Amino acid sequence: MPDVCRSEAHRILLVEGKTDCHVVLAIQQHYGLQTHFGIFACGSDDEVLKRLNALIPAPTEKRPERIGIVVDVDPATIADRWHQITDRLRNHGYGCPAVPDANGTVIAGHDDFPAIGVWLMPNNRDGGSLEDLLIQMADPNSIDFAREAVTGAQQRNAATFRAVHLSKAVLHTFLAWQDEPGRPPGLAITAAILRPTVPGAVAFAGGLQRLF
Amino acid sequence: MLDSFEVRNFRLFRHLSVPRLSRVNLFVGRNNSGKSALLEAIEAYGSNASLDVLLDLVLVRDGNWESEITDAARSILETTETTENPLRSLFYGHHLPEVGAEGIQIGPIGRNGKITIRTQAYQIVHEEDVTRRIPVSRESLKKLDLVDVQVGIEVQEGSRSSYLASTAVDAYFMRRRRPSGPSREPKWVFELVPAHNLTDAKVAALWDRVHLTDLENEVVSCLRLIQPSLVGVAFVGESSAQRPGIPPRTRRVPIVRLSEAQDRLPLKSMGDGIARLFQIALALVNSRDGALLIDEFENGLHWSVQPKVWDFIFRLSQDLNVQVFATTHSRDCIQAFASVWQGNGDLATFYRLDTDVTTGTKAVAYNRETLFDAIETEVEVR
C-alpha cells in the first residue's frame, strides 16, 4: 500500500513529521478535503524547506502545480522563520509579502512555477508549534489540568523534557488520560478527543482550502 | 568569457536565454532538449560563424542533430533535394529565412557582441576584373532587375556584415568557393569533446600541441586519477593492414607504461574511462584563454572517478582561463559536479533545458543551494 505520508500528488502539502501528517489527514477528512491534496512528511523543518526549494524548479512532469508547507515557528522567531522561507522563494523569482497572512499565506505561481502556500504553526502570528494548535482543540478544563500536572512534574524534578517541548508535554499528558489513553494526535482528532471545529483549526482548514 | 548567452532561431531554439554563466557550466536535460544544440551554438559563436565550423555542425554531426529534429521538420527534409543548401538545417524550422527576416542570433544577452546569420539579397556589380556584391534591402528588390541579384547568407556583428556563402550551392561548392575579403577571426579558441569521442587524428594533433610542455604533465597527472601507476604517454604509428593496390595508412595511437610492468600498452586497452579522460584533459589544456565543450561528460567514466575529474576541471580551467560548457544526463555526474561546486563558490552554474511551447526550449537555473537541496531530498533535477 502506498505510504499516505509520502504522496507524490501534483497538489502536495509538505509537513515536518509523521505526527503532522496524521493530524492533517484527520483535519482533511473532517473537512472533506481528502481528494484536494496529498501529504509528504519530510522528516524535519529543514527538510521541508529543502524539498520545497528542490520541487519548485523540478522537471515539468515531477513539478507539483501547487505546494503547501506547514512548519512550526519554533525554534525560530516568526520573523526569522518567514525570512528563511521567503529568501528561498525570492531566489526562484516569487514576490512575497513582508509578513505572513494570518489566514495562511498563498503566493501566486509565476511562469511555470507552482503556487505556494505557507502555514506557520500555530497561527501565522505567534511563536509555537503544531502542539499549540492541538492544545486549543482539547477540552479547556482538562488541558489546564494537564498543564498544572506538567508544571508540578517540573517542580518535583520528575520531568526531563526541554523547555521548547513544553506544549508537547502538556498535550501528551492530556492525551494520556483520555479514553483510550495515549492515542496519537491524528487518531485523537478522529475520535473527537481533539476537536477540529475550534477557531484555530477552522482557520487552518480554511488555509488549506484556499490553497488547494 | 561569456557571462550570459542567448540564442534565437538556431536548431530547435526559437529563443533560448541563459542569463548567467560562470567558469564551469553544466547543462542537463532529456534527450532532444537541446543540450548538444546549445554546445553547437556556443561553438558557432566562438568560431565567429566560421563557414568551416558551421558546415561541420551540419555535415559531421548529422547523427547528432537528426535525432533532434521534429517529425514536421523531418518531412520537410525528406521532400527537399539533397543538394539544397546544407546550412538550412542550422536554422529554426530547418529552412533558410526569407530575405529581411530575422535569422540566427547568438551571443551574450544584451545588444553588443551578438552575431546574426541570415539571408541577404545582393546586387552583383561587375567592375573590370572585380565582381562586387552590394547588399540591397527587401524593399528595393522590387525595383531592381532580378538578373543582377543573388541571395546569399551573411554574418553580421554590430554595424559590420560580411558575405558567408551562396544560398544556391551545396556543401562541396561552399567549401571550395570561399568568400573573398577579410576573414573573421574566431572569438576564442575552443575544443569540443563530443559524446562519441574524438578521432584518433584529432587526439594525436592535440597531443602534439602540448607534448614536452608543462601541460603534458597536467594531462598525465589527470590520467593518474584513474591509473595511479601510469608513468607516461607516447604516441606511436600503427600501420593499417596492407592490401594490394592501396597504400598503407598510418595512424598514431597513444601508448602508456605502468610502473609495475615492463610492457607498453595501448591506452585504449585500459578501458573507456581512461580514453575519455585523456580526451577531456587534452582538450582542456588545448583551450587556454578559450572554451572547452564536453558533450555527455559522463560517457565511459565510472561514478567514483567523476568528482576527481570535476576537481581537475575546476582547478585547471581557472589556471588556464578556460570556460567550460558540459552536458550530461547522469545523476552521478550531477552529484560529482555538485560536490566540487560546494567548495568553489561562484565558479559554476547549473541549468536544465526544458521543452517550452512558445520558445522551443527554456533554461531552468539551479543555484548551488537548490542543487544540493534537490540531491539531498532526492527530488529529480534531470
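Below, chain A is the first sequence line, B the second, and so on; all start at residue 1. Treat the numbers as computed from the prediction; the structure is a model and nothing was measured.
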Shortest non-hydrogen contact between A:Leu33 and A:Ala205, atoms and distance: CD1-O, 4.1 Å

4.5 Å side-chain heavy-atom contact, B:Ser330 and B:Phe337: no

Per-residue contacts, residues 54-84 of chain A versus chain B, heavy atoms under 4.5 Å: A:Ala54, A:Leu55, A:Pro57, A:Ala58, A:Pro59, A:Thr60, A:Glu61, A:Lys62, A:Arg63

Region of B:Arg30 that comes under 4.5 Å of a non-hydrogen atom in chain A: side chain

Side chain, backbone, both or neither of A:Asp112 within contact of chain B (heavy atoms, under 4.5 Å): both

Part of B:Val381 lying under 4.5 Å from any heavy atom of chain A: backbone

Check: B:Trp310 ring centroid to B:Phe297 ring centroid under 6.0 Å: yes

Neighbour count above 12 (heavy atom, 6.0 Å) for B:Trp303 CH2: no

Face-on cation placement of A:Arg51 at A:Phe40 ring, 6.0 Å and 45° thresholds: yes

B:Tyr366 and B:Arg352: side chain donor to acceptor below 3.5 Å: yes

Mutual orientation of the aromatic rings belonging to B:Phe325 and B:Phe27 [parallel < 30°, tilted 30-60°, perpendicular > 60°]: parallel

Close approach to chain A in residues 371-380 of chain B, criterion heavy atom under 4.5 Å: B:Asp373, B:Ala374, B:Glu376, B:Thr377, B:Val379, B:Glu380

Candidate pair A:Val150 and A:Phe161, rule side-chain contact (heavy atoms from CB on, under 4.5 Å), full reasoning: CA-CA 10 Å; A:Val150 169; A:Phe161 66 84; 3.5 Å; yes

Cationic N near anionic O, under 4.0 Å, A:Lys18 to A:Asp20: no

Intermediate values then yes/no, side-chain contact (heavy atoms from CB on, under 4.5 Å), B:Leu26 and B:Trp341: CA-CA 11 Å; B:Leu26 182 61; B:Trp341 189 5; over 6 Å; no

4.5 Å side-chain heavy-atom contact, A:Val48 and A:Leu14: yes

